[in-house]
**Student:** 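Once you've had a glance at the structure underneath, I'll fire off some questions.
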Amino acid sequence: MALLTSAPRGTQDVLPADSYKWQYVEKVASEEAKIFGYRELRTPTFEHTELFHRAVGDTTDVVQKEMYTFKDKGDRSITLKPEGTAGAVRSLVENGLLNDTLPVKVFYITPCFRYEKPQAGRLREFHQFGVEAFGSANPVIDAETIQVAHSILTRLGIRNLSLEINSIGCPTCRAKYHQALYDYFAQRKDQLCDTCKGRLQKNPMRILDCKNETCKEIAAAAPKVLDYICDDCRAHFEGVKKALDAAGIAYAVNPTIVRGLDYYTRTVFEFLSNDIGSQSAVCAGGRYDGLVEEMGGKPLPALGFGMGLERLILVMERNGCEFEQPAPCDIYIGSMGEKASSEAFRLVSRLRRDFGIYAECDLMGRSVKAQMKYANKIGARFSAILGENELEQQKLVVKNMASGESRELDMGEGFLEKLADHMAYEQLYNACEDVEKLFHSQQ
RNA sequence: GUGGGUAUGGCGUAGUUGGUUAACGCGUCAGUUUGUGGCACUGAAGACCGUGGGUUCGAAUCCCACUAUCCACCCCA
């Protein structure tokens, strides 16, 4: 069997065996964002290319070598979004939402595309959950934004992430720092590794993060950001730390954190994991006080974060976190013979329509035994077989698959109500027995 | 973009001095007497051993290329 073709490189199918994990994570993240006052924003999967050139930055790796850019049939340059913030800001400015009461808080779940070489936790199409908050320069909102991420991660049962924060200052003080760094490293350029020689021009802060031993030694004595940021930025950063302390969120200041997207200012942060290989950032974000104006809006401070859902789920799997399971089949109604089988079909249809019960019947023309095996396989909580006898006597034997016990129900008036009640009662009874067993086992 | 590892039925694997019908577990399907699951047993279907070349009388097994995948660098969520 030769496949016609396969999924494109760096893409992933989420199969039924895993999709429930995604549903769970998306649900938790959305619910958590909502109780922080965020509302969902959905923006297009592709945008005009210039949006990302402007927002993310012409000189960034993301824009320079990783974007999926193409001309559409109208000769417009289109780009599949490589991140979520630019589109969100564009949309809010374009629709005038930032003229409303502040702060404006939105969240989104979106696919993102970057043409990279795939590896653990890095795909060409990946998914981000993100939040963005507009209108406040108060350091408390920095802490609150971090708290949103923290709450989501905590509620998902992820405990062993580290939070690292830093301030990269405003454009003015960052420029000073960059110059100082450049001067420092330029004097020692010969000793730097090849990649760092390149970074010297492009982004000297990256050198601070190099894994090469010599570079590390040189970096150790390099100028520190926090010595170069202006008084306002320093005060803001102190405010963020104070608010995080007040919120009881543990963090470490890491002066080497650099964001690869140009729009960031002041606060930047990352939640890191040691369990998923070298692509360790599960969630990252920060402030971008200049971006709204850059997009043609009025000057408005803002901040947000993105969370990589593939990485998040990877972390959860590696840590044995539990995902909310999908509900199993409530009842399987098997049948034998044509007449009974159309009656079974009618019954499950009504159970679904009138009672919202998850019901199945035979669609394969299988033997009774095989039908029972199927009921067991799909984890049906109850089963029943409809045949000539049942139709004649108007009785249905309903079996509780967990206990193996059966109960005969009269198929006359109010049968479906009785059936639904019976199932609810039995399930409650099963649950009580489980609790009892648990109780005894713990004594 | 740069390196290294891997590539056998749906899944996980076995299979080296290259030699008849490629093995095992799980899964799937059917059956173990007449209308009822989970266990066990029996049987069946299902792989041209990633693709294309080459070496050889003969290759899943050796060589080359390509593709995919994994890991790391880079970058980042």
**Student:** How many whole angstroms separate atom CD of A:Glu116 from atom C1' of B:U2?
**Tutor:** 15 Å
**Student:** For nucleotides 67-72 of chain B, tabulate all protein N/O to nucleotide N/O atom pairs closer than 3.5 Å, reporting atom names and distance.
**Tutor:**
from	atom 1	to	atom 2	distance (Å)
B:U69	OP2	A:Arg9	NE	2.6
B:C71	OP2	A:Ala120	N	2.4
B:A72	OP1	A:Ser278	N	3.0
B:A72	OP2	A:Gln119	NE2	3.3
B:A72	N7	A:Gln119	OE1	3.4

**Student:** Tell me, for nucleotides 35-45 of chain B in 5' to 3' order, what letter each nucleotide earns: B for a base near a protein heavy atom under 4.0 Å, S for only sugar-phosphate near one, - for neither?
**Tutor:** BBBB-------
**Student:** How far, in whole Å, is B:A23 from B:G9 if one measures between their P atoms?
**Tutor:** 13 Å
**Student:** For B:C48, what is the paired nucleotide under Watson-Crick or G-U wobble rules, both distances under 3.5 Å?
**Tutor:** none
**Student:** Do the charged groups of A:Arg9 and A:Glu125 touch, with an N to O distance under 4.0 Å?
**Tutor:** no
**Student:** A:Phe134 versus A:Leu303: any side-chain heavy-atom pair under 4.5 Å?
**Tutor:** no
**Student:** When you compare the side chains of A:Ser77 and A:Lys71, does any donor N or O come within less than 3.5 Å of an acceptor on the partner?
**Tutor:** no
**Student:** Give A:Ala284 one of three labels, base, sugar-phosphate or nothing, depending on what nucleic acid heavy atoms sit under 4.0 Å from its own.
**Tutor:** sugar-phosphate
**Student:** In whole Å, what separates the C1' atom of B:G43 from that of B:G5?
**Tutor:** 41 Å
**Student:** Does any residue of residues 152-169 of chain A have a heavy atom under 4.0 Å from RNA chain B, and if so, which ones, in number order?
**Tutor:** none
**Student:** Across all strands shown, which nucleotide pairs with B:C24 by Watson-Crick or G-U wobble geometry, both distances under 3.5 Å?
**Tutor:** B:G12
**Student:** Quote, to the nearest angstrom, the P distance that separates B:C11 from B:C49.
**Tutor:** 16 Å
**Student:** Do we see a donor-acceptor contact under 3.5 Å between the side chains of A:Glu164 and A:Tyr251?
**Tutor:** no
**Student:** Count the heavy atoms belonging to other residues, nucleotides or ligands that lie under 6.0 Å from CZ of A:Phe355, then report whether that count exceeds 12.
**Tutor:**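 Count over threshold, so yes.
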**Student:** Have A:Glu360 and A:Tyr374 got a donor and an acceptor in their side chains that come within less than 3.5 Å?
**Tutor:** yes
**Student:** P atom, B:U69 versus B:G46: distance in rounded Å?
**Tutor:**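 Nearest-Å result for B:U69 against B:G46 at atom P: 30 Å.
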**Student:** Please give the distance between the C1' atoms of B:C74 and B:U2 as a whole number of Å.
**Tutor:**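 The same atom, C1', in both gives a distance of 8 Å.
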**Student:** In whole Å, measure the gap between the C1' atoms of B:U17 and B:U28 for me.
**Tutor:**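 Comparing C1' positions in B:U17 and B:U28 gives a spacing of 40 Å.
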